[in-house]
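Read through the structure below, which is laid out as structure tokens, and then see the notes.
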Amino acid sequence: MIPHADGALRMLSQRLMTQLLPDLKSLYSLSDGALIGLLINAIADETAEGIQRRLDDIGEMKLIFAAGEALLSSKDKEVISAELSSYRLADVNDHHDALTRILVSLHQKTEDNDDETLNQAIWAYLRRHSQRHKITAVP
């Protein structure tokens, strides 16, 4: 059987919040336990969807990089064209982070060069990114 970590984390969070927290007497312990339950749900969301969210970001960033290719250095282009070494979360995070650094640099260049079209494309991506990565953490 392949364990479903996100489901297991959600069950642990639900048990914490519905069976253990109601028996606590201290207001501090209740609030601390509720926060832990919410964080467990946030981790469950990342476990279930985190890699796909980052892959979606990477795909969108590459489209922006193609549109702003003239503003990219050869080192930037080399990083952008590199393939993921694996789909492990740590490797996807490293690649995502490297591309995000390039995007921030490109964004500065678009503002310096008054490239409004590319600047707006980056802002639109950032809005979609923040929606995609929003933490709901509700059990």
Side-chain angles (χ1 to χ4, degrees):
M1 178 182 140
I2 298 173
H4 297 278
D6 59 317
L9 287 167
R10 289 183 213 291
M11 286 190 308
L12 288 171
S13 176
Q14 183 178 18
R15 180 149 194 261
L16 170 70
M17 296 177 96
T18 61
Q19 294 177 10
L20 300 175
L21 286 182
D23 291 337
L24 295 178
K25 305 298 180 221
S26 158
L27 183 59
Y28 175 81
S29 295
L30 278 167
S31 62
D32 194 39
L35 178 59
I36 290 169
L38 292 174
L39 290 173
I40 290 171
N41 273 305
I43 294 168
D45 286 347
E46 270 301 293
T47 302
E49 302 291 332
I51 292 172
Q52 186 59 53
R53 289 178 188 149
R54 285 161 184 78
L55 292 174
D56 292 345
D57 290 346
I58 288 168
E60 284 195 47
M61 283 190 279
K62 286 187 175 188
L63 292 173
I64 291 169
F65 296 146
E69 186 176 8
L71 298 172
L72 297 170
S73 70
S74 58
K75 182 170 173 38
D76 289 342
K77 292 175 187 176
E78 185 178 314
V79 171
I80 292 164
S81 65
E83 295 294 322
L84 282 167
S85 58
S86 81
Y87 286 99
R88 289 178 47 244
L89 182 57
D91 293 333
V92 175
N93 273 341
D94 289 346
H95 190 63
H96 184 275
D97 292 349
L99 295 181
T100 300
R101 284 190 291 277
I102 294 169
L103 183 74
V104 169
S105 175
L106 178 63
H107 197 190
Q108 179 183 2
K109 291 173 186 174
T110 64
E111 290 180 341
D112 291 346
N113 294 333
D114 293 324
D115 186 336
E116 194 58 30
T117 302
L118 195 52
N119 186 31
Q120 288 305 313
I122 293 170
W123 279 113
Y125 160 76
L126 292 171
R127 283 188 291 278
R128 288 187 301 278
H129 173 275
S130 65
Q131 281 302 110
R132 223 182 341 261
H133 293 271
K134 182 170 64 173
I135 298 173
T136 54
V138 178

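Quick note: numbers below take in every heavy atom, side chains included, and nothing from hydrogens, waters or symmetry partners. Just so you know, these numbers come straight off a predicted model, no measurement behind them.
Not counting sequence neighbours, the partners of Ser73 by the side chain to side chain contact (heavy atoms under 4.5 Å, CB included) test are Lys75, Asp76. With sequence neighbours excluded, no residue forms a ring-ring contact (aromatic ring centres under 6.0 Å, His included) with Phe65. Partners of His107 according to the ring-ring contact (aromatic ring centres under 6.0 Å, His included) rule, which considers only residues two or more places apart in sequence or in another chain, are Trp123. Among residues two or more places apart in sequence or in another chain, the side chain to side chain contact (heavy atoms under 4.5 Å, CB included) test is passed with Glu69 by Lys77. The salt bridge (Lys or Arg N to Asp or Glu O under 4.0 Å) search around Arg132 returns Asp57, Glu60, not counting sequence neighbours.
Annotation: the span from Ser31 atom OG to Leu24 atom CG amounts to 10.0 Å, rounded to 0.5 Å. Taking CG of Asp23 as the start and CG of Leu30 as the end, the distance is 9.5 Å to the nearest 0.5 Å. Atom OG of Ser86 is separated from atom CG of Leu84 by 7.5 Å, given to the nearest 0.5 angstrom. Within the model, atoms CG of Leu16 and CD of Gln14 stand 11.0 Å from one another, a figure rounded to the nearest 0.5 Å. To the nearest 0.5 Å, the span separating NE2 on His96 from CG on Leu89 amounts to 11.0 Å. In this structure, Ile80 CD1 and Lys62 NZ are separated by 8.5 Å, a value rounded to the nearest 0.5 Å.
Within the 4.5 Å cutoff, no side-chain heavy atoms of Asn119 are placed close to those of Asp115. For the pair Ile102 and Met61, the minimum side-chain heavy-atom distance is 4.5 Å or more. Within the 4.5 Å cutoff, side-chain heavy atoms of Leu99 are placed close to those of Val79. Ile135 places none of its side-chain heavy atoms less than 4.5 Å from the side chain of Glu46. Residues Asn113 and Leu118 have side chains not in contact (no heavy-atom distance under 4.5 Å, counting atoms from C-beta outward). Using a 4.5 Å heavy-atom threshold, the side chains of Asp6 and His4 count as touching.
Evaluation of the salt bridge (charged side-chain N to carboxylate O under 4.0 Å, His left out) test over residues 84-113, restricted to residues two or more places apart or in two chains, returns Arg88-Asp91.
Closest of all the heavy-atom pairs between Arg10 and Ala48 is NH2-CB, 4.2 Å. Closest of all the heavy-atom pairs between Thr47 and Ala5 is CG2-CB, 3.7 Å.
Leu63 and Ile58 are members of different hydrophobic clusters when ILVMFWY side chains are connected at heavy-atom separations under 4.5 Å. Grouping the Ile, Leu, Val, Met, Phe, Trp and Tyr side chains by contacts below 4.5 angstrom, directly or via other members, places Leu72 with Tyr125. No continuous path of ILVMFWY side-chain contacts below 4.5 Å connects Leu39 to Met11, so the two sit in separate hydrophobic clusters.
Here the side chain of Ser13 pairs no donor or acceptor atom with the backbone of Leu9 at under 3.5 angstrom.
Under a cut-off of 6.0 angstrom, the local environment of CD in Glu78 is sparse, with at most 12 non-hydrogen atoms contributed by other residues, nucleotides or ligands.
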